[in-house]
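In what follows, residues are counted from 1 in the order of the sequence shown. Values reported hereafter were calculated over all heavy atoms of this structure, with side chains retained and with hydrogens, waters and symmetry mates removed.
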Amino acid sequence: MERVRRKALVDAALRVIGDHGSLTVTMSDIARQAGVSPALAHHYFGSKEQLLIETIRSLLRQLRNDTVAALAAARTPRARLSAIIRVSFHADQFAPETIAAWLAFYAEAQRSEETRRFLVIYARRLRSNLLADLKVLLPADAAERIAEGAAAMIDGLYIRQSLKSAPIGIEASIALTEDYLNALLATASPSPRSEKGRPHRTTQGQMT
């Protein structure tokens, strides 16, 4: 029951943050959304800050799990790059309340060192996953440049999605990022490393 109630409070926090568009919510707001008393919410998390930290942990955990599963199903470096892009715009990650929550956490990171640390973990994971397969296809310097650009596109398209006057859907976001990769892969010199001779790499190693 504790696990169920903790998850219900995290899910409620995500919805309330999404509705408000910021972290200026109260424990009472979150508890009401979850259908429990504020006292029970404090019992499980101690403070609103700890509940918010668990909420961002939950977002990162879901994104990591989805990425591991997608990478396990892909068989080539280029297919793995497409898998990373598609996971980044998975329906769950692209839900309006999730996008609003990510933006709220980015704003909070200017004040909270702990929140900033979690967002740095996200950025490093995304860059590392992109870079691992780009380095098979391209020289290291080109791979690093393209990984930075692709990660920036993914984050930027999240911000564009928050502009309700100019929303960009899931498939359009995927297509834009794929077009960017295809254009640069076509003009860059190939890596001397051969895909045929490349040893199998476990997805667990990418997500540490």
Look at Arg61 together with Glu54 and state whether they make a salt bridge at an N to O cut-off of under 4.0 Å. yes
Taking the side chain as every heavy atom from C-beta outward, state whether [X] and [Y] have any atom pair closer than 4.5 Å.
X: Glu144; Y: Arg127; answer: yes
X: Glu148; Y: Met153; answer: no
X: Val120; Y: Arg124; answer: yes
X: Asp92; Y: Leu63; answer: no
X: Arg86; Y: Glu178; answer: no
X: Leu185; Y: Arg78; answer: yes
X: Phe105; Y: Phe118; answer: no
X: Phe45; Y: Arg6; answer: yes

Could you tell me the separation between the OG atom of Ser88 and the CG atom of Leu130, rounded to the nearest 0.5 Å? 7.0 Å
Rounded to the nearest 0.5 Å, how far apart are CD of Gln50 and CZ of Arg57?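 The CZ atom of Arg57 is 7.5 Å from CD of Gln50, to the nearest 0.5 Å.
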Given Ile30, which partner from the list Thr55, Val25, Val36 fulfils the side chain to side chain contact (heavy atoms under 4.5 Å, CB included) test?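 Among Thr55, Val25, Val36, the one meeting side chain to side chain contact (heavy atoms under 4.5 Å, CB included) with Ile30 is Val25.
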Do [X] and [Y] pair up side chain to side chain, a donor and an acceptor below 3.5 Å, judged on atom types alone?
X: Ser112; Y: Arg116; result: no
X: Asp29; Y: Gln33; result: no
X: Thr26; Y: Ser28; result: no

For Thr67 and Leu126, run side chain to side chain contact (heavy atoms under 4.5 Å, CB included): C-alpha distance rounded to whole Å, both residues' side-chain angles, the deciding distance at 0.1 Å, then the answer. CA-CA 10 Å; Thr67 302; Leu126 177 57; over 6 Å; no
Run Leu181 and Ile85 through side chain to side chain contact (heavy atoms under 4.5 Å, CB included) and show every step you take. CA-CA 10 Å; Leu181 272 184; Ile85 293 168; 3.4 Å; yes
Would Arg5 count as a cation-pi partner of Tyr44, with NZ or CZ less than 6.0 Å from the six-membered ring centre and within 45° of the ring normal?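 No - Arg5 does not lie over the ring of Tyr44 by the 6.0 Å and 45° rule.
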Please evaluate residues Ile17 and Glu97 with respect to the criterion side chain to side chain contact (heavy atoms under 4.5 Å, CB included), reporting the C-alpha separation (whole Å), side-chain torsions for both, the decisive distance (0.1 Å), and the verdict. CA-CA 7 Å; Ile17 293 166; Glu97 65 271 16; over 6 Å; no
Verify the cluster assignment for [X] and [Y]: are they in a single hydrophobic cluster under the rule of side-chain heavy atoms below 4.5 Å apart?
X: Ile146; Y: Ile174; result: yes
X: Ile121; Y: Leu103; result: yes
X: Leu131; Y: Val87; result: no

Please walk me through it: do Leu119 and Tyr106 pass side chain to side chain contact (heavy atoms under 4.5 Å, CB included)? CA-CA 7 Å; Leu119 292 175; Tyr106 271 109; 3.7 Å; yes
What pair of heavy atoms forms the shortest contact from Ser173 to Leu157, and how long is it?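 Distance-wise, the nearest heavy atoms are O-CD1, 3.6 Å.
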Once you measure the plane-to-plane angle for Tyr122 and Trp102, does it fall in the parallel (<30°), tilted (30-60°) or perpendicular (>60°) bin?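 The rings of Tyr122 and Trp102 sit tilted, inter-plane angle from 30° to 60°.
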